Amino acid sequence: MSNKPFNSFELAQSQFDRMADRLGLDDPARELLRWPMRETQFLIPVRRDDGPVKIFRGFRVLHNDARGPGKGGVRFHPQETIDTIRALAMWMTWKCALMDIPLGGSHGGVVCDPHNLSLREQEQLCRGWVRQLSRDLGPRIDVPAPEIMTNAQYMLWMLDEFEAIQGERIPGFITGKPVGMGGSLGRLEAAGFGLVFVLREALKELGIPPEKTSASVQGFGNVGQFATRLFQQIGGKVVCVACWDQKEGTSYSYKKESGVDFQSLAGITDRFGGIDKKKAAALGYDVLPGSAWLEQDVDILIPAAIENQITMDNVKKIPPKVKIVAEGANGPMTSEAEAVMAGRNIFLIPDILANAGGVTCSYFEQVQSSMNYYWEKDEVLGKLDVKMTTAFHSVLELAKEKGLSTRDAAFYIAIARVVQACRDRGWI
Amino acid sequence: MAKRMDKSFSKSLAQFDRQFFTGREKFTLIGRGALGGKAHGLAVMQDILEQQLSGQFAPDIQVVIPTLTVITTDFFDFFMKDNRLYDIALSEAHDDLIAQAFQKAELPAPLVGDLRALISQVHTPLAVRSSSMLEDAMFEPFASVYATKMIPNNQWDADTRFRKLAEAVKYIYASTFFKDARNYMRATKHTTADEKMAVIIQEVVGARYGDRFYPHVSGVARSHNFYPLGHAKPGQGVVDLALGLGKSIVDDGVGWTFSPAYPQANPPYISIRDLLEQSQTSFWAINMGPPGEYNPIQETEYMLKFNLTDAERDGSLRFIASTYRPEDDKIVFGMAEPGPRIIDFAPLLKFDLIPLNSMLRALLKICEDKLERMVEIEFAMTLDERRGTPARFGFLQVRPMVVSEAKVDVSPAELVGGHVLVASESVLGNGILDDIQDIVYVKPEKFSPHQTQTIAGQLEELNQKLAASHVPYLLIGFGRWGSTDPLGGIPVNFGQICGAKAIVESTLPEMNFMLSQGTHFFHNITSFRVLYFSVPHWEKYMIDWPWLGRQRAVAETELVRHVKLPAPLKIKVDGTTSRGVICHA
């Protein structure tokens, strides 16, 4: 058991270092890519509804934009740190490169808990965040998107503020907008569906029919919900879903051996992915401790909440039946835990692949917004599936060819592409 | 039984690996549901064709099932449920409204990636066909009940190709609930709610000539012939060939008909001029040029009709046409001379340039043996103009023919007498009906070729009422039933008269009609065991119009009359002699 607090950025850097060695990168390349190219930290004053002004801390980090404008989420979270943002920005660079979309990586956030803010205060915070960053954002510079505890309404407030500053309509400024206001059909489902597209390919690779599998999901936000829905549509069964309970300040797992009913569960879930405990119990779900999701006797684990959820503290509780872990969240597993799972031959779909559906669809949204011409959902999801499936197979092929883990193969492909772009531009 | 076979086939066939033409398997599935009847038929024949036929006719003819993938019925279920389409689908809404609602709906997410991948690598025309579950469960043909959509698939960007494919799939789903299908279901005592649809996406066999894509030969071959001509016998079968897409045969009823036992015999004709008029003068092709009006809910959105001079310019008539020489009123084989061309397939049938007829005979036999019943097959062919490569024969469909087994004798003496309402020596079908008390007929004294469309509408209304209450009836009218030319007969589709268990087509002295002899609805008539009487006025047997006029009408318009008899008619048809009689009490 490690006593050192988990640091996402250290994890991201160690992943990069390992691949840099493998790729034989020279020092300038390592130095350029180990660190963000640009960081902005700032303060946002917001007058509370009851009078006093509260100062919030905000960030935006552009890790690398050699392959295209930065792209990354905006997270509103009380435990937000600059290192988490740096890690997420770096992973976004790799994710975009792995999916072969012409974007770089960035990320941002605000240290706050939106549950404790009124709608007006949330709006002021969103607008304040944009005002601080208006020179460093834009469709050809860096494009924000929703992430944990931010949503389409936030994106629209941010877009409105940016357009007011610029004096023109720029729908490509931000993604994750509401449909009908520059948003893309399929964007909501994209991250969860994308995960299931690659999970489906992994099942094919292992020769397991989806209808003979069960899964346990941590997190019931966008990714968890839509992954559950599509996984059930391809024949699988989700028996357990875990999520954060805001009222009680802890998490719970909700279990139904016969399989959770997506529709009814979604009906008792708040906009942050929190399931109503009492109503769930009334619907016949076993209410278990938050950690129980990991201990279910299932074939597939989908950590789709936050970082650092599978560690040396709990990795041994994963039952022997588990054959696949699909990382819906960014960095949900420590390197040490990953090594244990590799020893057990558990097939890993790494985060930069498994949850890349969101950013891929964000890219589609940006393209549509720039054209001001919007596609049907069939078209969006069809393209997404092809992108995800192609990326999965390139990772798998390289992993087999070079004897790498799937995570290393994904990083290998992504980093090689970014390094090449930096070289082509003459930066290194 | 058929259902069980379908499931086992679903498991044994490969899943689509996103390589349409380049994959190892040419017959793949998307999904884990059922295949539906049409795809099942092809799956049954796949290995057999390869083992028993391919080698036999190589190198002259390459026999293939064109590359295809089947979207199984589980996706139909998702599509219907997720988009909440059953309410409108099972309503009595107009076909266009149903089709529109289906177009607005979203295809299931696990399906669209495969379609996108398919379309990304394929730039040639595709046929999107129905393959329904009931068809398979009943092991009965649903010919022309559901839609088929041809798409050119030659747009430069994959997005457009994807959209067109998605529209076509949705259109096929919608056709499950179109009026014709609903009527058909009523007639077969099924409900549309029971139906599930698989969709076949298949390569189109053909060649491109500028803005046209079409097969050099398409055809329908049946192993049983209800109208044996000359020395031919019913069991020797019958083949229809046409230039271009098979729509000419299936929907327009135009083609070159011959018995596989006597491929050199021409179809019956009164004069050379008559033969020229009867034979094919235009053909259907997929439009590869600038698109016509955008209409995703129209089956023929990407199909166009061309005339023979276009085909001659394309150079595609070389192996299928002869020439009419007007100075001596003769047909000269081949195209050495200038003059009007006639599509008689002489180089293939009379000179056996390619052993097509032998192959068709072998193929019908193989299909009959496998399905253990009389069969109907559809195919399309390309012929290489330089003869450097074999002709490519695409096997498109096999379905069982429904033939009555009852032995009925009708002597010539029975055709005359006071109780005879209708008699004919040219009747399609076989069997006895003794439960029909209703007669719907077009009034001879009011009939005009210019009012056939009005008549069609009135007949449809009566048919709907009678079919809804499961009352079988005898239908009598003039000209070719199902004619596409309103001046040539009553332009109904089979759904509009599907409740009729016996049909009479007749002529009046002032008319110059050729009768269809059931060709327009040939398959529907045989499927439903409809007895089909041809009674031209120049033959010796007549319809007893005065008796009919004296019967009590339960419904009547200016043009059409519905009478209900106090006692059932006795209808007898002897399928071996084509003799039939309808007697009243």
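Just so it is clear, the model here is predicted, and its values are computed rather than measured. Worth knowing before you read on, the calculation uses all heavy atoms, side chains too, and leaves out hydrogens, waters and symmetry mates.
- The nearest pair of heavy atoms linking D114(B) to D385(A) is N-OD2, 4.4 Å.
- Within 6.0 Å of CD on E376(A) lie no more than 12 heavy atoms contributed by other residues, nucleotides or ligands.
- Interface remark: K170(B) contributes side-chain atoms only to the contact with chain A (heavy atom separation under 4.5 Å).
- For L230(A), the part lying under 4.5 angstrom from a heavy atom of chain B is the side chain only.
- More than 12 heavy atoms of other residues, nucleotides or ligands shown are found within 6.0 angstrom of CD on E205(A).
- Using a 4.5 Å cut-off between heavy atoms, E211(A) contacts chain B through its side chain alone, with no backbone atom that close.
- Other residues, nucleotides and ligands contribute over 12 non-hydrogen atoms within 6.0 Å of the CE atom of M371(A).
- K383(A) touches chain B through backbone and side chain together, each having a heavy atom under 4.5 Å away.
- Scanning both residues, P110(B) and Q233(A), for their nearest heavy atoms gives CD-OE1, 3.0 Å.
- Interface residue L107(B): backbone and side-chain heavy atoms are both found under 4.5 Å from chain A.
- Atom CG of D378(A) sits about 8.5 Å away from atom CG of L111(B), to the nearest 0.5 Å.
- Most heavy-atom pairs under 4.5 Å with chain B: of the set K387(A), R200(A), M388(A), K204(A), this distinction falls to R200(A).
- Summarising the geometry, atom CZ belonging to R229(A) is positioned 6.0 Å from atom CG belonging to D82(B); distances are rounded to the nearest 0.5 Å.
- The CZ atom of R18(B) sits 4.0 Å away from the OG1 atom of T389(A) when rounded to the nearest 0.5 Å.
- Taking CG from L115(B) and CD from E379(A), the interatomic distance works out to 12.0 Å, rounded to the nearest 0.5 Å.
- Counting non-hydrogen atoms of neighbouring residues, nucleotides and ligands closer than 6.0 angstrom, the NZ atom of K321(A) exceeds 12 such neighbours.
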